[in-house]
Amino acid sequence: MNHWNDYSFNTRAIRAGHTRTHEGEHSEAIFPTSSYVFKNAAEAAARFGHKEPGNIYSRFTNPTVRTFEERLASLEGGERCMATASGMAAILSTCLGVLKAGDHIVASQSIFGTIVVLFNTILAKYDIKTTFVNLNDLDSWKSAIQPNTKLLFLETPSNPLMAVADISELATLAHAHDCLLVVDNCLCTPVLQQPLSLGADIVIHSATKYLDGQGRCMGGAVIGDENIVGKDIFAILRTGGPSMSPFNAWVFLKGLETLDIRMQRHCDNADILAQWLEKQEAVAHVYHPSLSSHPQHELAQKQQSRFGGLLSFEVKGGKKAAWHVIDSTQIISITGNLGDAKSTITHPATTTHGRLTLEQRQKSGITDGLIRISVGLEDINDLQNDLLRGLALTDN
Ligand SMILES: *Cc1c(COP(=O)(O)O)cnc(C)c1O
C-alpha cells in the first residue's frame with residue numbers, strides 16, 4: 001500500500017488498493033463470498049491459527065472491502081482503515097474498541113443526533129459517560145476533561161449550522177490529557193479536510209453520504225494507526241460483526257474515483273447558493289463557511305481546502321414560512337439524507353432535531369425558520385428557481 005504515497009490524491013482515489021485477478025479485469029471485481037477455500041487441512045489450520053496470512057471469512061476480510069479500505073486509508077493519510085456496515089457502526093466499533101466501563105467521553109453537542117442517543121443511552125448503560133460541550137469553545141472542552149476521559153469526539157463543520165472547530169488546537173488538548181481525538185469527517189471528506197494531518201487520531205466516515213455520492217448504500221469507516229484500527233477496531237469487527245458488504249464496498253470504491261470532481265461541484269454550487277440566499281429579502285440569515293459573515297470563515301479557510309456542500313438558512317416567518325419554501329420546491333428532494341448528487345431539503349426543527357426540547361433547539365440555533373440544504377450537482381440556476389418559488393411568495 002505504501003508505494004501509493006508517491007502518487008497524488010486523484011491518482012490514489014482512482015487506483016489505490018486495486019490488485020487485478022488472473023482474469024485481467026479493468027474495473028475492480030466484486031467478491032460476494034462469505035468464506036474462502038483452503039488448499040488442504042494444513043493451510044486451514046495455519047490460517048485459523050494466525051500462522052499465515054490470508055482470507056478465512058468475510059466478516060473480517062474480503063478483497064472488495066479491502067480495496068475500499070486501502071483506497072480510503074490512502075486518501076485520509078492513515079495507516080489503516082476498517083470498513084463498517086454504516087457510519088453509526090463505525091462510531092460504535094470505535095467506542096467498543098478503545099473504551100471500557102468507567103471511561104468518559106467529551107463530545108461536541110453539535111454532532112449527528114443519533115450519536116448523542118448512542119452515547120447517552122447505549123454507552124451509558126455500560127458505564128461510559130459523556131459530557132457535551134460547545135464545539136467552538138476551547139475552554140468548555142478543557143473544563144469537561146476528567147481524569148477518566150479517554151476520547152474527544154467532534155464533527156467539523158457541524159450539521160446543520162456549519163460551525164467549524166480548530167482540529168489542531170483540540171488535538172493538542174487531547175494529547176496533553178492522554179486522550180484520543182476522533183473527528184467525524186463526513187461533511188468534508190478527505191478532498192476538503194484531512195484531520196489526521198492536523199493531529200487527530202481517528203477519522204470516522206459515514207460512507208452513506210459523499211463517498212457513495214448518489215444515496216444508494218449504507219456504510220462507514222474508521223481510519224487511523226495500525227495500532228488502534230488494525231488491532232482494537234479490527235477485533236470488534238471480527239468478533240462483533242458490524243461489517244461492510246462487498247457490494248456496498250464496490251459502490252463506495254467506485255464513488256471514491258469521482259469524489260474530488262463531485263466535491264468541487266458541490267462546493268461551487270453551495271458557494272453560489274449561499275451568496276444568492278444572503279441577498280433574498282425573505283431570508284434572515286445564511287450559515288455557510290464561505291461567507292465572510294460566518295464566525296469561523298477564516299478558520300475554515302485555513303483548515304479546509306473549500307467550504308463544503310451543506311448550508312442552512314433561516315427564513316423570516318418561522319415554521320410556516322420554512323414549510324412553505326420546502327413545499328414549493330419541485331426538484332429539490334424533501335428527504336433527510338445529504339451528500340447526494342440530488343439536492344435535498346429538510347426542516348431540522350421538526351425532523352432531524354425534532355427530538356430535542358424547544359430550549360435545547362434554541363440553545364443550538366435550530367430555530368423554527370431554519371432550512372437545511374445539501375446542495376447537489378444539478379444546474380445552479382434551476383436550484384435557485386426552485387427555491388425562489390417559495391421565497392418570493394413568503395409573506396412576512
Ligand atoms: C449520517 C451521519 C452519520 C451516521 O452514518 P450512517 O451511515 O447513517 O449510520 C454519522 N455522522 C455524520 C456526520 C452523518 O452525517
Parallel, tilted or perpendicular: which fits the ring planes of His297 and Phe307, with parallel below 30° and perpendicular above 60°?
parallel
May I ask you to decide whether Lys302 forms a salt bridge with Glu298, counting only side-chain N to carboxylate O separations under 4.0 Å?
no
Drop me the distance from His288's NE2 to Gln275's CD, to the nearest 0.5 angstrom.
10.5 Å
Side-chain ion pair, Arg262 and Asp260, N-O less than 4.0 Å:
no
I need the single residue from Lys254, Arg15, Arg20 that forms a salt bridge (charged side-chain N to carboxylate O under 4.0 Å, His left out) with Glu28. Which is it?
Lys254
Would you check if Thr156 and Gln296 make a side-chain contact, meaning some heavy-atom pair closer than 4.5 Å?
no
Where is the tightest heavy-atom contact between Asp379 and Asn381, given as atom of each residue plus distance?
OD1-N, 2.8 Å
Phe119 and its ring pair (Phe, Tyr, Trp, His ring centres under 6.0 Å) partner, picked from Phe153, Tyr126, Phe112
Phe153
Who passes side chain to side chain contact (heavy atoms under 4.5 Å, CB included) against Ser143, sequence neighbours left out?
none
Determine whether a donor-acceptor pair (N or O, by modelled atom type, separation under 3.5 Å) exists between the side chain of Arg47 and the backbone of Asn55.
yes
Between Phe68 and Gly220, what is the shortest heavy-atom contact and its length?
CE2-O, 4.5 Å
For Gln214 and Asp340, which heavy atoms make the closest approach, and how far apart are they?
C-OD2, 3.4 Å
Could you state the interatomic distance from CG (Leu256) to OH (Tyr210), rounded to the nearest 0.5 Å?
15.0 Å
Minimum heavy-atom distance between Asn134 and Gln109, given as atom pair plus value:
CA-NE2, 4.0 Å
More than 12 heavy atoms of other groups within 6.0 Å of Glu359 CD:
no
